[in-house]
Amino acid sequence: MTDRRTGRPPARPPARPPARHPARHPGYLGAAAAFAVCMAGTTLPTPLYGLYQEEIGFSELMVTVVFAVYAFGVIGVLLFVGNVSDSVGRRPVLLCGLALAAASAVAFLAEGGLPLLCLGRLLSGLSAGLFTGTATAYVLELAPPDRRARAGFVATAANMGGLGCGPLLSGLLAEYAPEPLVLPFLVHLVLLAASFAVTWFLPETVHGARPLRTARPRRPSLPPEVRGVFVPAAIAAFAGFSLLGLFTSVTPAFLGQSLGIHNHAVVGLIVFAAFFASTLGQLLVPRLGTARAIPLGCLVLIAGLALLAASLAWTVLAPLVLSALVGGAGQGMGLRGAVGEIAGAAPAEHRGGALSALFVVAYFGISVPVIGVGLLAEPLGLADAGLVFAACMAVLAAASGTYLLRRARPHPA
C-alpha cells in the first residue's frame, strides 16, 4: 500500500522498546532487618543464664542442654520444612517465623522455671530454623540484579549481626536497667512487631506460590548442581559454628567462675565481638573469592581456637577477647564463602532448600560440641573441657582446610 498524498509507502510506527523485566524490589534491606531482629532473639538469653541459674538453680550441664534445645529446634525445622518456602513462598514462612519468635519471648516473660525456659528456647529454635535458609534466599531474590553480590553480604551480615546484637542488648539492659529478666524480651517484642509489619508489605518472589496450608514436610534436597560444593562448604560451616556455639553457651560461666567477671554488659560485649568479627570477615570474601575464602577461613579459625585454648589454660581475659575477634573473622569468611558457593550453584527453585541443608550441618556444629563440653565440665572442670573442645575443633578445621586446598589445586593433565 502507498500513501495517496505522497505515493510512498506509509511510514512505519516507531518500534516499541523491548519489554523490561520488572526491577527487583529494594525491600531486600527490610527483609534483612527482619532477619537480624529474629536472630537477635535467639542469643538474647546468653548473658542472662547466670541469673536464671541463681533463680531456678541448675548445673552448667543444664545450661548447655537448654542451649542445645534451641539448636535441635533449628535442625528439626531445617530437616523437615527447610525447603517449604520454595513452594509456598518466602513471605508466609518468614511471618510464621516472626510469630514463633514472639511466642518464645512470651515464654521467657512467664518465668515459669526450667520447663518454660526450655520451651522458650525450642520456640526460638523453630523461628530461627524457618528464617535461616528462607531469609537468605529472600534477601538475594529481592535485591536488584546489580546488587546481588552486596545482597549476599547483607544476608549473612544480618544473620551474624543479629546473633551478635542479641547478647549485647540484653547484657546492657540487664546491667544498667531494671527488670533484667523482663525488659530485654519486651524490647524484642516491639522489634518483632515492627519486623512483622515490614515483612507483611514485602512482595513475594516465588512465582506460582501455593497456599501455606498446602505445605507438607519434606527434607532438604540437594540438586546435582550443588553436590560438588556442598561437602567442603558444610565442613567449614560446622567448624565455624561450633566456636560460636561455645561463646554463646559457656562463655558467661567461664568469665564468672574462672575470671571473676560478673558484669552482664561485659559478657554481652565479648559474645557480640565474635559475631561482629564474623561480619567483618565476610567483607574480605569478595576480594578473595568464595572458593578461596572457605579454606582460608578455616586457617584463621584455627588461630582463634589457639587463642581460646591459651585463655582457658592461663585464665587470662585478653586471649579470650582476641579469640572472639580472630575466630569470628574466620567463621565469617567461611560462612559467606559457603553461602555464596551454594547459592550460586543452586537453581532458583531449589535455592531455599539447598541453603537450609547447609544450615542443618552448621547447627549440628553449634549444638553437638557444646553438649560435649557440658558433659566434660562435671568431671574435668569447665576450663579443661574447653581445652578438649578447642583441640578437637582445631583438628577438624585443619583437616577441612587441607582437604579444601587440595581440592582447589588443578590436577595435572
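Along the sequence shown, residues carry numbers from 1. Computed over heavy atoms, backbone and side chain alike; hydrogens, waters and symmetry mates excluded.
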Please name the pair of heavy atoms, one in [X] and one in [Y], separated by the smallest distance, quoted to 0.1 Å.
X      : Y      : answer
Ala354 : Leu222 : CA-CD2, 4.3 Å
Ala385 : Leu376 : CB-CB, 3.7 Å
Val66  : Cys118 : CG2-SG, 4.0 Å
Leu48  : Ala174 : CD2-CB, 3.6 Å
Ser242 : Met393 : OG-SD, 3.1 Å

Between atom CZ of Phe131 and atom CG of Leu100, what is the distance when rounded to the nearest 0.5 Å? 10.0 Å
Can you tell me how far apart CG (Leu255) and NE2 (His262) are? Round to the nearest 0.5 Å. 9.5 Å
We want to know whether Arg90 and Ser85 form a side-chain donor-acceptor pair, criterion being a heavy-atom distance below 3.5 angstrom. yes
Ring pair (Phe, Tyr, Trp, His ring centres under 6.0 Å) test vs Phe241 passes for just one of Phe275, Tyr363, Phe364, namely Tyr363
How about Arg150: does its CZ atom have over 12 heavy atoms from other parts shown lying under 6.0 Å from it? no
Heavy atoms of other groups near Phe276 CZ, more than 12 under 6.0 Å: no
Within a strict 4.5 Å, meaning less than it, do heavy atoms of the Met160 and Gln331 side chains meet? yes
Does Phe254 reach the side chain of Leu320, with side-chain heavy atoms less than 4.5 Å apart? yes
